[in-house]
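A quick write-up on the structure given underneath.
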2 protein chains.
Amino acid sequence: MRISTRSRYGLRLMLSLAGNFKKGYMLLKDIARHEEISEKYLSLIVIPLRKAGLLVSSRGANGGYSLSKPPSEISLKEIIEPLEGDLDVIECIKGKEICDKSSTCPSHDIWALLGGRIADFLDSITLEDLLKMQKEKAAGLLEYII
Amino acid sequence: MRISTRSRYGLRLMLSLAGNFKKGYMLLKDIARHEEISEKYLSLIVIPLRKAGLLVSSRGANGGYSLSKPPSEISLKEIIEPLEGDLDVIECIKGKEICDKSSTCPSHDIWALLGGRIADFLDSITLEDLLKMQKEKAAGLLEYII
DNA sequence: TATTATTACTATTAATTTAGTAGTAATTAT
DNA sequence: ATAATTACTACTAAATTAATAGTAATAATA
């Protein structure tokens with residue numbers, strides 16, 4: 001029931017971009033260094049995010065990545081879904097029918113419900129919310145030090 | 001973000017036992033056959049469930065497994081937690097601290113929240129609820145046939 | 001008490017998934 | 001042209017999960 005590091009890294013990448021929104025492109029190299037993630041690995045993670053329309057990119061010198069819309073308009077669900085494939089906790093939810101018992105199996109329904117709950121939770125949080133949390137945490141730390 | 005087959009099988013096993021509550025021991029062999037799960041594999045799954053105190057067993061002839069308490073008193077959380085290890089969606093929640101950034105990282109908090117939501121959801125459903133759902137599904141099917 | 005049926009335990013293997021690396025191509029600015 | 005960057009494809013390594021195998025312990029009973 002673990003979330004993949006793909007998703008965790010992807011979220012941190014998106015949060016970095018969110019913090020830089022409207023300030024031009026960011027280099028993957030810089031994000032990777034700052035987040036201490038392999039640049040090569042990040043460059044794979046970025047692909048589904050771009051395909052999902054969450055970020056725009058420019059190649060070559062002065063290129064980089066940037067959010068395609070404001071942090072307030074990007075929910076965590078939009079970020080995690082393309083990275084995890086989907087948010088179902090079991091395979092056989094949508095027609096794939098590994099199991100032929102779904103018509104009588106109550107477990108099947110529970111897992112479908114759980115997937116829905118997870119999706120709802122992630123849909124209720126935006127990158128802007130995370131930015132705000134980040135600032136509050138930093139402020140709290142600062143207060144603690146002073 | 002998939003739930004393991006261990007957990008899925010474990011839940012189906014517990015549901016089988018719930019349907020037989022107060023009717024004596026059930027043989028793993030029979031459950032395995034009925035649920036079309038390898039008996040050997042099920043025999044591994046049953047161990048953490050017993051250690052969690054959810055079922056009692058008796059060896060030898062006339063032995064088998066039985067729930068240790070009524071289906072209404074067993075939540076899905078109690079079943080899934082020992083099978084999945086825990087319900088956290090990331091490793092670094094409880095002190096294990098793979099990542100040293102939790103004091104400033106808002107993602108960390110989100111994942112902790114999500115784990116809590118999942119736990120709450122599973123805690124809100126009991127085996128009795130599943131039994132009821134099962135009956136309703138069966139009744140619905142019957143109605144459809146007639 | 002020997003036999004049979006069952007759970008309990010430990011070790012091993014196989015399969016799948018996830019994580020990460022490597023190398024090359026395409027694009028853009030200068 | 002050159003340098004810097006993203007885009008893509010293929011491969012490898014590591015970790016996890018699923019499943020099998022074999023033996024030990026226990027309980028009923030003939």
Carboxylate-amine/guanidinium contact [X] [Y], below 4.0 Å:
{"X": "K77(A)", "Y": "E84(A)", "value": "no"}
{"X": "D109(B)", "Y": "K137(A)", "value": "yes"}
{"X": "D120(A)", "Y": "R117(A)", "value": "no"}
{"X": "R12(B)", "Y": "E35(B)", "value": "yes"}

Around K132(B), counting heavy atoms of other residues, nucleotides and ligands shown, do more than 12 lie under 6.0 Å from its NZ?
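Not more than 12 within 6.0 Å, no.
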
Do Y25(B) and I31(B) sit in one hydrophobic cluster, given that two such residues count as connected whenever their side-chain heavy atoms are within less than 4.5 Å of each other, even indirectly?
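In one cluster: no.
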
For each nucleotide in nucleotides 6-19 of chain C, reading 5' to 3', give B when a protein heavy atom comes within less than 4.0 Å of its base, S when such contact involves only the sugar-phosphate, and - otherwise.
BBBSB--------B

To the nearest Å, give me how far apart [atom1] ([X]) and [atom2] ([N]) are.
{"X": "R33(A)", "N": "dT5(D)", "atom1": "CZ", "atom2": "P", "value": "10 Å"}
{"X": "L83(B)", "N": "dT16(D)", "atom1": "CG", "atom2": "C1'", "value": "16 Å"}
{"X": "I45(A)", "N": "dT6(D)", "atom1": "CD1", "atom2": "C1'", "value": "15 Å"}
{"X": "I90(A)", "N": "dT17(D)", "atom1": "CD1", "atom2": "C1'", "value": "17 Å"}

